[in-house]
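In the text below, chain A, chain B and the rest are named by the order of the sequence lines, each starting its count at 1. Side-chain atoms are counted along with the backbone in the values below, which use heavy atoms only and exclude waters and symmetry mates.
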2 protein chains.
Amino acid sequence: MQVETSLLNAQRPVLPIPPTSARRSAPSRAIAKDAEIFAEGDDAESFYRVVSGVVRTYKTLSDGRRQIDAFHLPGDFFGLESGDEHRFTAEAVGDVTVTAYRRCALEALAMQDTELAKQATAAMMRALERAQDHMLLLGRKCAVEKVASFLLGLAERMSRSGDIELPMSRIDVADHLGLTIETVSRSLTHLERAGVIALPAHRRSIQLRNRAALARLNS
Amino acid sequence: MQVETSLLNAQRPVLPIPPTSARRSAPSRAIAKDAEIFAEGDDAESFYRVVSGVVRTYKTLSDGRRQIDAFHLPGDFFGLESGDEHRFTAEAVGDVTVTAYRRCALEALAMQDTELAKQATAAMMRALERAQDHMLLLGRKCAVEKVASFLLGLAERMSRSGDIELPMSRIDVADHLGLTIETVSRSLTHLERAGVIALPAHRRSIQLRNRAALARLNS
DNA sequence: CGTTTGATTGAGATCTGTCAAATGTAGTGG
DNA sequence: CCACTACATTTGACAGATCTCAATCAAACG
């Protein structure tokens, strides 16, 4: 896990860091793999920004079915709420470092024209756009298309080469795409047999061999 | 219907809009059933608020598969974008009246502390929250659960009694829930046979007979 | 090494989609 | 008011995609 995390960070472009006025009151927090950052229903005292590692946010049904609405990479904000409770749970996918911002700070800052307020608003809009794209994926794409879209999106966000080091397990991928782990696995081998991707021995790494074919799958 | 549509498209070029200082005189636009308000890729010159009727916003894949991300009821905002293009298409479900706001107006107002800016921001947050709930529905609920959740949500938004008059066709419902019209129909009759809802002769009206049972279906 | 965990593969069941037909409703014109 | 049409919805039979359950395999770890 350590290895994967550092690889990921190495591939990421350097983060833009909020201005010092905001950073002064922004403590950095280290979180261990699979540890909870906040839970559905918790008071939304703070929101967060990923410094290193990956965070998943999800909702669950009463019988345990889970939908991961997003993975948050370094630089991404998460945990912004309109109400006073968190509406989903956030956990560390691997070892993670986050910056915490007091929520009241945002509301105070929102009135002003600060860099942090702008970034937070922009983050919300991006989250909405991603959610809209993801609804199309969940509602109308078949399994292979879902996996292809996911790989393309991840490559775009975390790698400029064609190599992806998946930060998350198959279960996480499945719960993000509305599939089971078996179907995710079968879709991957299907793409591999079609020569679109390669799956090296280390099963968390994936090479994109034919981006055009992948792109065709989520037109 | 064709005639009406083309008439509307003819008047689609943006109306002259008075300065934002006169918000009370924000122009009202009448739109005929199934006419387009804006399309994916259009310049996002304006955003809108529903005055009367219902609006659907959707994305499509290249082969025509469609995902309706939301239905907008009177009072709802839609068409707010972070970029300079609309990222989905908006159409009138029935006959509709909307208020149009110039986009630059919002950006100017965002700096200030106006009521409209606040409402627009709140609308965005609500849209995000709905999108997150809807991802759980699309990714992890079965057909009957999807229909039950949809009916409950609609009843909550547009009726305090247990009677719903569906504003949209089965096709629209299906494309919102990630199903086919046949499966929507079968789910409805299934709920009817279970005594949870009643389906009067007029097939667009639905009576909720057992809200507790419906609520149990989307826990 | 054995164990544990995660991932892949296989076989069969189930749910939803597809195609086709029947039914019902609204609308039209005689 | 009654055919008659057009359209939306429902229903049925079947196919196909994904899920479930189970076994195998591989890598990581003590």
Any donor-acceptor pair under 3.5 Å between the side chain of Arg186(B) and the base of dT18(C)?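 Side chain to base: pair present.
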Considering non-hydrogen atoms only, spot the tightest contact between Ala213(B) and Val196(B) and give its length.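 Residues Ala213(B) and Val196(B), closest heavy atoms: CB-CG2, 4.0 Å.
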Carboxylate-amine/guanidinium proximity below 4.0 Å for Arg130(B) and Asp69(B):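 No, Arg130(B) and Asp69(B) are not salt-bridged.
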Give a yes/no on whether any side-chain N or O of [X] is located under 4.0 angstrom from OP1 or OP2 of [N].
X	N	answer
Thr183(B)	dT16(C)	no
Thr180(A)	dT18(D)	no
His202(B)	dA26(C)	yes
Thr189(A)	dT9(C)	yes
Arg170(B)	dT10(D)	yes

Separation of atom [atom1] in [X] from atom [atom2] in [N], rounded to whole Å:
X	N	atom1	atom2	value
Lys146(A)	dA17(D)	NZ	C1'	11 Å
Leu199(B)	dT25(C)	CG	P	12 Å
Asp172(B)	dA8(D)	CG	C1'	12 Å
Ile181(B)	dC7(D)	CD1	P	15 Å
Arg140(B)	dT20(D)	CZ	P	9 Å
Asp175(A)	dA7(C)	CG	P	12 Å
Glu192(A)	dA7(C)	CD	C1'	13 Å
Leu179(A)	dT16(C)	CG	P	15 Å

Nearest to the side chain of Ala201(B), heavy atoms from C-beta on, is which of dT25(C), dT16(C), dA27(D)?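 The answer is dT25(C).
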Residue Glu182(B), side-chain atoms from C-beta onward, closest of dA8(D), dG12(D), dT20(D):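 Ranking dA8(D), dG12(D), dT20(D) by closest atom to the Glu182(B) side chain puts dG12(D) first.
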Applying salt bridge (Lys or Arg N to Asp or Glu O under 4.0 Å), run through Asp43(A) and Arg103(A) and close with a yes or a no. CA-CA 10 Å; Asp43(A) 275 353; Arg103(A) 193 184 174 228; over 6 Å; no
How are the rings of Phe47(A) and Phe77(A) set to each other: parallel, tilted or perpendicular (split at 30° and 60°)?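 Ring orientation, 0 to 90° scale: tilted.
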Decide salt bridge (Lys or Arg N to Asp or Glu O under 4.0 Å) for Asp175(A) and Arg140(B); before the verdict, give the C-alpha distance in whole Å, the side-chain angles of both, and the deciding distance to 0.1 Å. CA-CA 8 Å; Asp175(A) 283 352; Arg140(B) 287 300 180 217; 2.7 Å; yes
Reading DNA chain C from 5' onward, which residue's closest nucleotide shows up sooner: Arg193(A) or Arg203(B)?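 Closest to the 5' end, via its nearest nucleotide, is Arg193(A).
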Map Pro200(B) and Ser169(A) onto DNA chain C by nearest heavy atom, then report which one ends up closer to the 5' terminus.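 Result of the comparison: Ser169(A).
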Need one value for Leu188(B): base, sugar-phosphate or nothing, where a base atom within 4.0 Å counts as base even if backbone is also close, heavy atoms only.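 Nothing, no nucleic acid heavy atom in range.
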